[in-house]
Amino acid sequence: MSSKDFLKGFRDAKLVKRVAGEIRHRVSQPWSIMEICGGQTHAIMQYGLDQLLPEEIELIHGPGCPVCVTPLELIDQALWIASQPNVILTSFGDMLRVPGSTSDLFSVRAAGGQIRVVYSPLDSVKIAKDNPQQEVVFFAIGFETTAPANAMAVVQAQKLGLENFSILPANVLVPPAMHTILSSPNNRIQGFLAAGHVCAVMGYWEYPTIAEKYQTPIVVTGFEPLDLLQGILSTVEMLEDGRVGVENAYPRVVGFEGNRAAQGLINQVFKPVDRKWRGIGVIPESGLGLRNVYQDFDATERFQTGEIRTQESEICIAGEVLQGLKKPADCPAFGTLCTPNSPLGAPMVSSEGACAAYYRYGRKNQ
Ligand code: SF4
């Protein structure tokens with residue numbers, strides 16, 4: 001069976017309606033549920049799942065969009081590095097249009113900067129190997145999902161003895177962000193859909209402590225329509241029954257332990273560091289920095305980028321959107337000053353951004 005045929009089963013309209021009906025049957029009061037991942041937000045909008053749910057269920061969109069939470073300082077650091085002579089900056093395509101303080105990577109490339117889009121950090125290692133006279137810097141953004149490949153690139157570069165390769169470390173971690181959201185005095189989240197792809201790498205052994213501490217059900221959830229509705233149904237059942245804990249609604253991909261080999265690789269190369277999240281601020285131990293033994297591969301050290309300081313846009317309310325405190329359509333710039341063709345903030349640029357999802361799927365008045 002092809003993967004397309006396999007996935008068809010998880011998009012079956014009759015089954016989708018049936019599970020939506022079960023949710024309606026189970027709900028007796030309003031509940032606010034956050035889907036952490038921007039990929040889930042886009043799937044919910046794309047398939048109109050939000051419109052199938054009873055009005056008691058409010059879906060709140062979380063900060064799980066790596067491009068969106070990358071702080072302006074880091075984008076400006078990447079822009080500065082890309083502007084230096086003899087440097088090739090490599091990046092995932094999404095980052096190219098994300099505005100920094102005064103420019104974006106597209107503009108730097110148009111002005112002569114060497115910026116290449118890659119699909120894997122290992123492509124960047126190859127570029128470094130093929131261009132020994134140039135410095136190659138990979139902009140290493142992402143959640144736990146991309147961290148193993150980013151770690152592998154560093155290990156590979158060390159094995160090959162590449163002295164012209166480095167990364168701009170920007171990986172962030174989900175559990176510290178959940179702590180920050182749930183401990184906020186403004187928190188409205190009563191249940192969480194945990195991101196299935198992050199859990200495929202990390203497992204969900206870190207989540208029972210969070211569920212217990214904040215008395216919040218957490219359900220590991222996938223990305224297809226049935227996966228998402230099943231995750232919402234399980235969360236609603238736990239909320240209605242007054243149960244706290246963690247359930248796995250994505251067992252075909254996720255196990256409790258996750259991928260221990262991938263976790264080992266992450267721990268070998270990276271250590272938890274305090275990291276600023278765009279619009280949210282510094283979250284303790286929420287980022288991955290290089291361990292001392294791999295410090296030579298740290299572009300922030302190599303290019304001394306630490307002095308770059310920036311100011312967030314006063315108009316963009318991305319921070320509140322990313323914490324689930326406001327919806328994209330609450331932003332006065334949404335669809336007017338800020339559109340995908342002329343974005344003011346990262347959530348309107350990224351393929352996982354909530355503002356882009358609302359714009360693309362016409363949720364302008366929600
Ligand atoms: S619509 Fe644009 S300006 Fe408003 S929060 Fe989203 S990205 Fe920022």
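In listed order, ligands and their atoms are each counted from 1. Numbers here simply count residues along the sequence, with the first being 1.
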* To do: Taking all heavy atoms of V137 and all of I167, pick out the closest pair and write down the distance.
  => CG1-C, 4.4 Å
* Could you note down all residue pairs passing side-chain hydrogen bond (donor to acceptor under 3.5 Å, both in side chains) where residues 17-26 supplies at least one of them, sequence neighbours left out? =>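 Passing the test, one end in residues 17-26: R26-D241.
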* Return each pair, listed once, that meets ring pair (Phe, Tyr, Trp, His ring centres under 6.0 Å) where at least one residue sits in residues 160-200; pairs must be two or more places apart or across chains. => H179-Y214, H197-F223
* Hey, which protein N/O/S atoms does atom 4 (Fe) of ligand 1 have under 2.8 Å? -> C331 SG
* Are R260 and V201 side-chain neighbours, meaning at least one heavy-atom pair lies under 4.5 Å? ->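 In short, these two side chains do not touch, never coming nearer than 4.5 Å.
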* Say you draw a straight line from CG of N171 to CG of L288; how long is it, rounded to the nearest 0.5 Å? ->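 One gets 5.0 Å once the value is rounded to the nearest 0.5 Å.
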* To do: Quick one: which residue pairs count as a disulfide bond (SG atoms under 2.5 Å apart) with a foot in residues 57-173, not counting sequence neighbours?
  => C65-C68
